[in-house]
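Only one structure is covered here, and it is reproduced in the block below.
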Amino acid sequence: MSAGPSHLAVAHPPPPAHFSSLIDGCATSRRLLEIHAAVLRSGLQAHPVVNFKLQRRYSSLGHLDRSLSLLLHLTPNPSVFSFSSAIHAHVLHGLHLSALRLYVQMLSSPITPNAFTFSSALRACAHLPPGPGPGLALHSQALRLGLASDPYVATALIDVYASSGDVISARTLFDRLPDENNLVSSTAMITCYAKAGELRHARQLFDRMPHRDCVCWNAMIDGYTQHGKPTEAVELFRKMLRSSVKPNEVTVISVLSACAQMGALESGKWVHSYIKNNKIWFNAQVGTALIDMYCKSGSLEDACQVFEEIKDKDVVAWNSLITGHAMHGRSREALELFSQLCDEGLQPTDVTFVGVLNACSHAGLVSEGRALFQSMEHVHNIEPKIEHYGCMVDLLGRAGLVEEAHDLMQSMRVEPDTVLWGSFLAACRLHKKINLGEKVANFLLSNGTANSGTYILLSNIYATLGNWEEVARVRTLMKQSGVQKEPGCSSIEVNNMIHEFIVGDLRHPKSREIYAMLDELKRLLKAQGYVPRTELVLHDLEEPEKERALGVHSEKLAIAFGLISTEPGTTIKIIKNLRVCVDCHEVTKLISRIMGRKIVVRDRNRFHHFIDGSCSCGDFW
DNA sequence: TTAGGGTTAG
């Protein structure tokens, strides 16, 4: 009678190779516990291979604690593989400090680290918060052991230097690599350049690579997205589609973020259909990027639809929808979503509160805002950050509670920044708290923290009073200080093309038609009794010049172009980099009525939906 | 073993 394997297994203790293959094929924690019990019964727990495989499988199934106690308490002489694997597992789980602690523990044993150990430990260093980390020490240890030129170690070192913005050291390492065309290290170098904002160097290296994979394309595309070059990001994505490399979910997240920056709804929808038609993995992150793109491109309806389609909605997905509603002035809905999120048993984050407080400030919901702000610390155990104070100062300040806003600023545990002072000054101007506003502005001018906004707000305060001498003085001061006002820029997407305009722009091929349309609009507006708000013009010009300066603001040019290049009756969508001025706001309301067009404007702060002579913001922005 | 992703005050 021939004995089968199971018969043998009962007659003799199973050989380590048997357990080894059982562990390799094990897919569940329950099964692993059974195998572990059998290992213990057979007395093989200290066998180096069996022990190592158990430890590694516990890690890969997410039981880092069991894996670690196996390593530290039940392994007589842990090998360099056991330690390295444990360090690697901690890095994979984002436990970078624990990974480094294990590395230190390993150094106090007789084990010498190998290339695998260094590549994992260095990866932990690259993810630590900025500052002088242990990366340099590890670099010198690797050099001493002759491991620094190993491709894996060198690539991890490039990442360490990339994380601290040290492009020179990264490049030195990269240049010493034996294979200059190594895909992974080249990608690491591209990422390093991109992080430092050196996109041209990144692109040079990218263009010279003989072979590129998806990760490499993603690194370059995301470099553009993260550094305010969304047009280049989308352009490179189109180029990628013409190559043989297939995009993945990481690619589309980055491209969607670029579309969101531009507010390019048509391009964003095109990426959305690409995702659907090419079976790109639709996870919560892709869903969130889509929600963000739709919100920032003016389509809250599409954003809501995508939200419904996400199977595992996490708090970040909720946050993007709440923030989107706040942006569009749908404050009540934003607060309703917040309640739903809590009802679902999810824990709101600090970002959630930025969203709901912002919703309150856009709608003047003072008591709701106060209650939510209080609940942050007392109910949800989240310490308010400067952004939250910013929302509150904005909310209180707009509502005319300027003193309460001032008190809140003084109670903060952090120093107010220029943004916060800016909101406060805007409130002083809005509610004519001239003395307080003057005091604050002069304080900012004297301590050197004033920005262009400070000068403009101070000048506006004086302009409101009709004090033109002071307006002129502030303007001279601004000139002398050398601070420059960021130029206003408006854009509109027509047929998948973004058209950009600055004030008085003559560069557009259809300039003549655009200015003819502006003249026509001016005539129609005057007939409606419109008077230009020339007090907003900062320059000391004569009245007709002031009118002309206002008349060619970038958003007016973009709207005129929209009117001549889109079908009558369709919605015109404009994106502006700064806040829309009072005059443009007034004019846009009138144009929406005269031309029978819905006009949606995204400014730096929020969305304005202009329909039939009024705006969704209720003139409160 | 290697590289890369989503939400954030004005």
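Letters A, B, ... mirror the listed sequences (proteins, then strands); counts begin at 1.
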Integer-rounded Å distance: B:dG10 P and A:N605 CG: 4 Å

Take A:H88 and A:S84, measure what side-chain contact (heavy atoms from CB on, under 4.5 Å) needs, and give me the verdict at the end. CA-CA 6 Å; A:H88 180 66; A:S84 303; over 6 Å; no

Residues in ring pair (Phe, Tyr, Trp, His ring centres under 6.0 Å) contact with A:H93, at least two apart in sequence or another chain: none

Roughly, in whole Å, what's the span from CG in A:L396 to P in B:dG10? 13 Å

Using a strict heavy-atom distance below 4.0 Å, which residues from residues 405-421 of chain A are in contact with DNA chain B? A:D417, A:V419

With sequence neighbours excluded, tell me which residues meet ring pair (Phe, Tyr, Trp, His ring centres under 6.0 Å) with A:H272. A:Y294

A:F52 CZ - B:dT1 C1' separation (whole Å): 11 Å

Just to verify, what does A:F81 make a ring pair (Phe, Tyr, Trp, His ring centres under 6.0 Å) with, not counting sequence neighbours? none

Got A:C360 and A:L335 here, is their nearest side-chain heavy-atom distance under 4.5 Å? yes

When syn is taken as a glycosidic angle within 90 degrees of 0, is B:dG5 syn or anti? syn

Check this one for me: any side-chain N or O of A:N358 less than 4.0 Å away from OP1 or OP2 of B:dA9? no

Is a side-chain donor or acceptor of A:S254 paired with a backbone partner of A:T251 at a separation under 3.5 angstrom? no

Please list every donor-acceptor pair under 3.5 Å in which a side-chain atom of residues 319-327 of chain A meets a protein atom from a residue at least two apart or in another chain.
residue, atom, partner, partner atom, Å
A:N319, OD1, A:T352, OG1, 2.7
A:N319, ND2, A:T349, OG1, 3.1
A:S320, OG, A:A317, O, 3.0
A:T323, OG1, A:N319, O, 2.7
A:H325, ND1, A:L321, O, 2.9

Could you check whether A:I190 gets within reach of a base, just the sugar-phosphate, or nothing at all, counting any heavy atom under 4.0 Å? nothing

Kindly assign one of parallel, tilted or perpendicular to the pair A:F353 and A:H388, based on the angle between their ring planes and the thresholds 30° and 60°. perpendicular

A:L444 has an atom CG; how far is it from atom P of B:dG10, in whole Å? 18 Å

Base, backbone or nothing for each nucleotide of nucleotides 2-8 of chain B, written B, S, -, heavy atoms under 4.0 angstrom, 5' to 3'? BBBBBBB

To the nearest angstrom, the CG-P distance between A:L395 and B:dG10 comes to 11 Å

Looking at A:R602 and A:E555, is any side-chain nitrogen of the basic one under 4.0 Å from a carboxylate oxygen of the acidic one? no

